Amino acid sequence: ELLYEKIYSNFIEVNNFFQPNFIELASGLSDIQVQSIYSHFQEINKKNKEEFLDLSKEEYLNETKENTIDGFKRLAIRLNASQKEILYKELDDLEDNREIYLESQEEWNLKLLKILKNRDKSSFNNELLEHININREEENTFYERNKQIFLSSCLKIMQSLDKKQYSRFE
């Protein structure tokens with residue numbers, strides 16, 4: 001979990017760096033630009049629904065496993081067969097929360113649209129910052145079980161790294 005916390009902390013740092021610029025940019029958007037952003041998000045949601053919901057749970061889990069292996073590759077860690085087997089076994093316990101995820105994305109997008117449409121309000125900066133703040137407590141805890149499964153699997157993989165794999169990661 002220490003590694004996860006370190007990576008997550010770095011992610012938060014980068015996010016916090018860009019927030020002021022994002023808020024400044026958002027406050028200067030035109031109505032047409034706001035609608036264009038929302039339309040773009042709707043297209044993404046539609047595409048995600050088609051892609052996510054057309055998969056069986058088994059196909060979804062297999063795609064998640066392959067994406068996780070790809071994530072390790074991006075960290076310059078090539079998993080061996082036994083490490084992939086650990087990952088496959090662990091991730092089999094993930095809950096299928098695709099529908100909940102898609103619904104929460106739609107809600108998030110609608111709230112963003114509402115905030116952006118009211119960018120003249122004095123509370124605009126605070127409302128937008130609160131909305132985009134990924135470090136806030138999640139209102140829904142439906143991700144928590146999957147997060148723990150994912151962290152556990154990553155921890156087991158990190159503990160199984162050989163010297164060559166670990167040296168690439170450092």
Side-chain angles (χ1 to χ4, degrees), residues 1-26 37 40-41 43-109 112 128-170:
E1 275 189 53
L2 184 61
L3 177 64
Y4 170 81
E5 294 299 326
K6 184 177 179 180
I7 292 170
Y8 187 74
S9 175
N10 288 342
F11 182 72
I12 296 295
E13 246 180 74
V14 170
N15 188 61
N16 290 341
F17 175 79
F18 286 105
Q19 282 179 347
N21 296 321
F22 179 74
I23 291 171
E24 183 180 338
L25 174 74
I37 290 169
H40 177 70
F41 283 164
E43 288 174 29
I44 291 171
N45 282 352
K46 182 180 178 187
K47 180 182 169 210
N48 285 344
K49 275 185 183 179
E50 291 168 0
E51 288 180 12
F52 287 174
L53 299 180
D54 283 348
L55 298 174
S56 68
K57 181 176 181 180
E58 183 179 344
E59 291 169 324
Y60 168 69
L61 287 175
N62 287 338
E63 189 173 295
T64 301
K65 292 170 187 177
E66 290 306 313
N67 289 341
T68 305
I69 290 169
D70 289 345
F72 277 102
K73 285 180 189 171
R74 284 189 292 279
L75 295 172
I77 300 173
R78 299 225 179 259
L79 300 182
N80 61 38
S82 66
Q83 290 165 331
K84 287 179 183 178
E85 202 52 46
I86 291 169
L87 190 70
Y88 294 156
K89 184 177 182 284
E90 291 286 315
L91 296 183
D92 273 340
D93 291 332
L94 287 174
E95 290 181 13
D96 184 353
N97 57 19
R98 291 175 285 176
E99 287 184 29
I100 296 170
Y101 167 78
L102 292 168
E103 287 172 17
S104 72
Q105 276 303 119
E106 285 182 33
E107 288 174 20
W108 191 92
N109 292 343
L112 177 65
L128 183 58
L129 183 61
E130 183 178 316
H131 187 63
I132 64 171
N133 185 357
I134 59 168
N135 202 23
R136 70 185 192 288
E137 275 301 309
E138 196 63 41
E139 294 164 7
N140 298 320
T141 58
F142 63 90
Y143 289 120
E144 193 57 36
R145 182 170 183 276
N146 283 0
K147 176 182 168 186
Q148 291 305 318
I149 291 169
F150 183 75
L151 288 176
S152 171
S153 66
C154 288
L155 179 62
K156 288 179 182 179
I157 297 297
M158 296 306 288
Q159 290 171 336
S160 74
L161 295 180
D162 61 30
K163 289 180 182 180
K164 185 176 177 183
Q165 288 172 315
Y166 194 79
S167 68
R168 286 187 189 142
F169 182 68
E170 288 185 310

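The figures that follow rest on heavy atoms only: side chains count, while hydrogens, waters and symmetry mates do not. Keep in mind it's a predicted model, so treat the numbers as computed, not measured.
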Nearest-0.5 Å distance that lies between atom NZ in Lys57 and atom CG in Leu94: 8.0 Å

Distance, nearest 0.5 Å, that separates CG of Leu53 from CG of Leu102: 5.5 Å

Presence of salt bridge, Asp96 and Arg98, under 4.0 angstrom: yes

Side chains of Asp92 and Lys65 in contact at under 4.5 Å (non-hydrogen atoms): yes

Pairwise side-chain contact, Leu112 with Leu128, heavy-atom cut-off 4.5 Å (strictly under): yes

Atom pair CE (Met158) and CD1 (Ile77), whose distance is rounded to the nearest 0.5 Å: 4.5 Å

Between CD1 on residue Ile149 and CD on residue Glu95, distance to nearest 0.5 Å: 6.5 Å

Side chains of Glu51 and Leu55 in contact at under 4.5 Å (non-hydrogen atoms): no

Qualifying residue for side chain to side chain contact (heavy atoms under 4.5 Å, CB included) with Asn45, from Gln105, His40, Glu50: Gln105

Electrostatic pair Asp54-Lys49, nearest N-O below 4.0 angstrom: no

Any donor-acceptor pair under 3.5 Å from Trp108 side chain to His131 backbone: yes

Can I get a per-line list of side-chain donor-acceptor pairs under 3.5 Å for residues 81-91, giving both atom names and the distance, sequence neighbours left out?
| from | atom 1 | to | atom 2 | distance (Å) |
| --- | --- | --- | --- | --- |
| Ser82 | OG | Asn80 | OD1 | 2.9 |
| Gln83 | OE1 | Asn80 | N | 2.9 |
| Gln83 | OE1 | Asn80 | ND2 | 3.4 |
| Gln83 | OE1 | Gln165 | NE2 | 2.8 |
| Gln83 | NE2 | Ser160 | O | 3.2 |
| Gln83 | NE2 | Ser160 | OG | 3.1 |
| Gln83 | NE2 | Gln165 | OE1 | 3.0 |
| Tyr88 | OH | Glu66 | OE2 | 3.3 |
| Glu90 | OE1 | Ser152 | OG | 3.4 |
| Glu90 | OE2 | Lys156 | NZ | 2.6 |

Ile132 side, atom CD1; Phe18 side, atom CZ - distance, nearest 0.5 Å: 12.0 Å

Parallel, tilted or perpendicular, as decided by the 30° and 60° cut-offs, for the rings of Phe52 and Tyr101: tilted

Point-to-point distance, once rounded to the nearest 0.5 Å, from OG1 of Thr64 to CD of Glu59: 11.5 Å

